[in-house]
Structure formats: C-alpha cells, structure tokens
Amino acid sequence: MVETEEKAMSTTVRVRCTDCAYDEAFDSLRRARTALDDHERATGHAVDWQIGGLTAGVERAGDDAGVCGRDECANADSPLLDHGPSAAADPDA
C-alpha cells in the first residue's frame with residue numbers, strides 16, 4: 001500500500017475523561033469504544049470521545065445514508081444503500 005493511501009485510510013478517535021487526566025488516541029472506533037466503556041465501568045467517570053477522521057469508505061457510507069438525520073442528506077442513488085424491501089420486514093417472505 002502506498003503511503004498516501006495509508007493516510008487516507010486512517011481513523012482517529014480521542015477519548016478523554018472529564019473527571020480525571022485520562023486522555024488517549026485510538027486508530028479504530030472499536031478500540032476507542034472499548035476503552036471508553038472500560039474506563040467508565042472501572043471508575044464511574046464521565047468519558048467523552050471525539051472522532052477526528054474516519055476511513056474514506058466509512059465517511060462515504062455515512063454521507064450516503066444521511067447519518068445527520070435529515071432526509072435531504074441521503075443519497076438515494078448510492079450503491080451502498082439497500083433500496084429493496086427487507087426480507088426481515090416482510091413476514092410473508
């Protein structure tokens with residue numbers, strides 16, 4: 001993989017505790033979420049996280065899905081979205 005591709009694929013998440021000096025950066029959402037949960041469970045502290053960047057594919061999927069919550073943000077033509085009826089939603093399927 002070329003260096004510029006690696007940079008484009010990086011995810012950065014900073015986890016900070018509002019009650020103590022805990023402050024750590026992670027390269028994946030999963031690791032950050034696990035650390036946040038572990039710290040809150042162990043200390044009872046309130047922990048916050050900030051997502052600095054996601055991989056290009058995750059950002060595109062979020063943009064296409066309209067994750068901001070406004071219908072006008074979704075990309076109805078996106079190949080990343082399932083536009084057909086869900087078999088789970090149809091009890092006769």
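- In terms of heavy atoms, V13 sits closest to A32 at CG1-CB, 3.4 Å.
- Among all heavy-atom pairs drawn from W49 and L36, the shortest one is CG-CD1, 3.9 Å.
- No side-chain heavy atom of C17 sits under 4.5 Å from any side-chain heavy atom of E40.
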Kindly determine whether I51 and L29 satisfy side-chain contact (heavy atoms from CB on, under 4.5 Å), including the steps that lead there. CA-CA 8 Å; I51 300 172; L29 291 171; 3.7 Å; yes
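- Proximity of E24 to R14: side-chain heavy atoms (C-beta onward) are nowhere separated by under 4.5 Å.
- Within the 4.5 Å cutoff, the side chain of V47 has no heavy atoms near those of the T18 side chain.
- With respect to R33 and D37, a salt bridge is recorded, a charged nitrogen being found less than 4.0 Å from a carboxylate O.
- Counting only heavy atoms from C-beta outward, the side chains of R31 and T34 never approach each other to under 4.5 Å.
- Of the inter-residue distances, the one linking D19 atom CG with T43 atom OG1 reads 7.0 Å to the nearest 0.5 angstrom.
- Taking a cutoff of 4.0 Å between a charged side-chain nitrogen and a carboxylate oxygen, R16 and D48 do not qualify as a salt bridge.
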